[in-house]
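To start, the structure itself, in structure tokens.
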Amino acid sequence: MAKGLAKRSENYSQWYNDIVVKADLAENSDVRGCMVIKPSGYAIWEKMQQQLDKMFKDTGHQNAYFPLFIPKSYLSKEAAHVKGFAKECAVVTHYRLKNAEDGSGVVVDPDAKLEEELIVRPTSETIIWNSYKKWIQSYRDLPLLINQWANVVRWEMRTRLFLRTAEFLWQEGHTAHASKDEAIGEAEKMLDVYAEFAEEYMAMPVIKGVKTEEERFAGALETYCIEALMQDGKALQAGTSHFLGQNFAKAFDVKFANKEGVLDYVWATSWGVSTRLMGALIMTHSDDNGLIIPPKLAPTQVVIVPIYRNDEQFDAISAKAEELKKELQAKGISVKFDNRDTHKPGWKFAEYEFKGVPIRLAIGPRDLENNEVELARRDTLEKEQISMMDLPTKIEHLLEQIQSNLFTKAKTFQEDNTFHASDFKDFKSLIKKGGFVYAHWDGTAETENRIKEYTKATIRCIPLNNKREDGSCILTGNPSLQKVLFAKAY
RNA sequence: CGGGAUGUAGCUUAGUCCGGUUAAAGUGCGCGUCUGGGGGGCGCGAGAUCGGAGGUUCGAAUCCUCUCAUCCCGACCA
């Protein structure tokens with residue numbers, strides 16, 4: 001086990017925190033609830049961004065940027081929306097500081113009070129729809145498919161690095177459509193994009209579904225989500241996509257003339273994923289030896305560590321390593337040759353293992369003599385001596401293998417920890433154990449809340465393409481048409 | 001905002017109950033040296049006005065008062 005890292009089995013949340021801090025991904029800042037994302041962590045986020053951005057563009061979206069500050073009056077235009085966010089908004093009330101008269105520093109200048117307070121965006125629906133009103137007049141202006149990469153602020157009481165922070169980074173897509181069906185199609189399409197990203201790139205299996213009314217986004221008619229299962233048996237919502245109906249169009253008076261010249265409100269969607277995905281990535285794959293990053297998101301996929309006793313050996317190894325590095329780079333593989341003389345090989349091994357680099361190559365004098373390298377893979381911790389012959393091709397294939405192995409492992413874990421409850425007693429013990437639990441539910445918010453009260457478990461989603469099966473609610477015994485997915489959640 | 005706790009070196013902490021030389025350790029940092037195939041050994045060194053203010057005392061990290069800050073548990077949550 002890695003030094004200074006808690007074991008998952010003993011203290012899961014300590015383990016998570018240790019990984020984030022010791023793998024140098026992020027740290028708490030002096031600003032309560034806010035984090036500093038360090039270079040190692042930000043590099044992974046950039047890989048995620050790059051891929052998602054490409055997928056958004058491939059599905060016809062364009063990036064734009066809207067203001068950080070939202071006039072208070074905008075936020076209050078959609079009733080359900082403001083209700084959902086009111087309790088966690090940061091508010092700007094003044095625009096100037098001045099020197100304190102007693103010389104103790106600066107104070108807020110009471111003369112610089114804003115006419116109307118500005119809200120630091122918790123999400124941007126309102127300010128964006130205020131613009132859309134000006135942009136949309138005709139069916140020819142539709143669909144409008146916009147995404148923005150931004151930071152948002154939600155004043156959380158209890159925060160955890162990446163999983164819940166007061167300020168976080170995300171993307172938010174906001175689209176406008178001429179028809180209801182098209183908007184629903186868009187929300188579903190983006191959910192598919194998220195699911196594909198999660199499974200193909202993060203190697204994290206997810207369940208696609210819709211939220212119950214209780215769990216729905218403030219202002220949405222339907223909230224779609226992808227839910228993932230973490231190693232401690234708790235669920236994590238990894239992405240959401242909302243069908244907003246005409247709620248925002250009505251609140252901001254966004255109408256368009258259709259082909260017949262008749263005015264109608266436009267139909268809307270919004271969808272987002274955040275730096276919370278970093279938390280999901282960490283908790284899906286990592287082990288008691290540290291972080292594990294799937295190759296497709298690893299900023300460094302291969303690291304080469306030289307082992308030597310003198311300058312002569314170092315020079316010979318460096319020449320070989322540089323050559324190998326070029327060959328790997330030619331195949332689009334990101335490589336780091338760690339030629340620092342300030343750290344020893346053993347130290348470097350531990351370091352890269354902890355930081356989750358998928359493949360490590362060690363080259364020493366013995367290897368050079370035999371035309372071999374020592375190859376260690378992070379996912380299985382296996383080490384083997386392999387010939388330099390065709391090494392780049394072997395590594396290329398191995399990276400693909402590691403990627404698929406991580407997904408398979410996570411998928412197996414998810415399957416092994418998915419259960420079906422037959423009655424409430426059964427349900428309680430399954431939930432206590434952790435994992436996804438399918439159970440019949442009578443469809444009422446009241447029952448949902450009572451179950452939450454008794455067990456702390458919530459309905460994560462009603463899976464898409466769910467099997468219809470008649471049954472009776474585990475709590476009330478009332479008729480139910482299908483089982484829904486319960487779990488304790490982050 | 002209710003309940004509980006803690007502030008001592010960059011970090012983690014001991015010392016506080018029961019006041020007494022120059023405030024201790026691990027880790028990290030710097031230098032030297034032996035080293036180098038899994039976080040290495042040895043030696044030397046820098047680094048703390050003990051959260052802040054006031055008080056009690058011959059003497060305060062330690063006792064008292066006030067103050068500031070942070071953390072944990074609850075209500076809320078991408």
Side-chain angles (χ1 to χ4, degrees), chain A residues 1-5 13-14 17-18 21-22 27-33 83-89 104 121-125 150-160 162-172 194 211 214-218 220 223-228 235-242 270-280 289-290 305-311 313-314 317 340-355 360-370 372-376 381 383 385 452-453 456 458 460 489-490:
Chain A
M1 194 193 76
K3 202 193 281 180
L5 172 64
S13 58
Q14 183 67 47
N17 220 36
D18 287 351
V21 173
K22 290 182 199 293
E27 64 189 17
N28 277 306
S29 80
D30 284 351
V31 182
R32 190 193 158 79
K83 188 161 176 275
F85 288 105
K87 284 169 286 181
E88 49 186 21
C89 286
S104 62
R121 62 180 166 221
T123 180
S124 304
E125 273 78 3
N151 58 337
V152 288
V153 168
R154 295 181 188 175
W155 212 261
E156 301 289 349
M157 297 319 273
R158 184 95 178 74
T159 59
R160 293 194 63 193
F162 289 117
L163 295 173
R164 174 163 298 109
T165 47
E167 178 192 16
F168 56 93
L169 306 184
W170 77 345
Q171 58 69 217
E172 46 182 327
Y194 288 154
K211 289 290 187 188
E214 283 295 292
E215 301 276 328
R216 200 174 286 159
F217 175 74
T223 288
Y224 300 83
C225 62
I226 50 172
E227 294 284 329
L236 185 112
Q237 178 175 304
T240 51
S241 172
H242 315 290
S270 69
W271 27 274
V273 294
S274 70
T275 34
R276 180 179 239 201
L277 288 180
M278 292 286 294
N289 295 293
V305 177
I307 295 156
Y308 55 94
R309 287 170 193 274
N310 52 50
D311 287 353
Q313 288 179 347
F314 176 72
I317 291 163
R340 289 177 301 173
D341 193 35
T342 50
H343 296 277
K344 307 204 171 89
W347 192 93
K348 293 176 183 176
F349 290 176
E351 174 84 351
Y352 291 114
E353 201 161 283
F354 203 90
K355 290 191 166 182
R360 183 188 71 230
L361 303 176
I363 308 179
R366 285 205 301 269
D367 304 305
L368 224 46
E369 224 167 90
N370 302 329
E372 286 181 348
V373 294
E374 181 194 82
L375 183 151
L381 296 171
K383 283 197 291 197
Q385 288 293 127
K452 182 177 177 182
E453 208 176 295
K456 296 233 156 72
T458 50
R460 300 320 304 151
Y490 275 95

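By convention in this document, chain letters (A, B, ...) are assigned in the order of the sequence lines, proteins followed by strands, and residues within each chain are numbered from 1.
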Verify the neighbour count for atom CH2 of W347(A): are there more than 12 heavy atoms of other residues, nucleotides or ligands below 6.0 Å? yes
Base-pair string, RNA chain B, Watson-Crick plus G-U, cut-off 3.5 Å on both distances, | for inter-strand, is (((((((..((((......[...)))).((((((.....)))))).....(((((..]....))))))))))))....
Under a 4.0 Å N-O cut-off, is there an ion pair linking K211(A) with E227(A)? yes
Taking R154(A) for its side chain and K87(A) for its backbone only, find out whether a donor-acceptor pair lies under 3.5 Å. no
Sorted by position of nearest nucleotide on RNA chain B, 5' first, the leading residue of Q237(A) and T159(A) is T159(A)
Under 4.0 Å, heavy atoms only, any strand: does T165(A) hit a base, just the sugar-phosphate, or nothing? base
Quick one, give me the B/S/- string for nucleotides 1-12 of chain B, reading 5' to 3', where B means a protein heavy atom under 4.0 Å from the base and S means that only happens at the primed atoms, P, OP1 or OP2. B-----------
Can you find a side chain N or O atom of R32(A) that sits less than 4.0 Å from OP1 or OP2 on A69(B)? no
For U6(B) and U12(B), measure between their C1' atoms and round to the nearest Å. 14 Å
How does protein reach along nucleotides 34-39 of chain B, written 5' to 3' as B (base within reach of a heavy atom under 4.0 Å), S (only sugar-phosphate), or - (no contact)? -BBBBB
When Q385(A) is tested against each of D367(A), L375(A), V373(A) for side chain to side chain contact (heavy atoms under 4.5 Å, CB included), which residue passes? D367(A)
Between C64(B) and G20(B), how far is it from one P atom to the other, in whole Å? 15 Å
Exam field: side chain K348(A) to backbone R340(A), donor-acceptor pair closer than 3.5 Å: yes
Separation of the C1' atoms in A48(B) and U33(B), to the nearest angstrom: 30 Å
What interatomic distance, in whole Å, is found between C1' of G15(B) and the corresponding atom of G26(B)? 15 Å
Listed nucleotide nearest any side-chain atom of R276(A), set C71(B), C76(B), A78(B): A78(B)
Parallel, tilted or perpendicular, judged at 30° and 60°: which one describes the rings of H242(A) and F217(A)? parallel
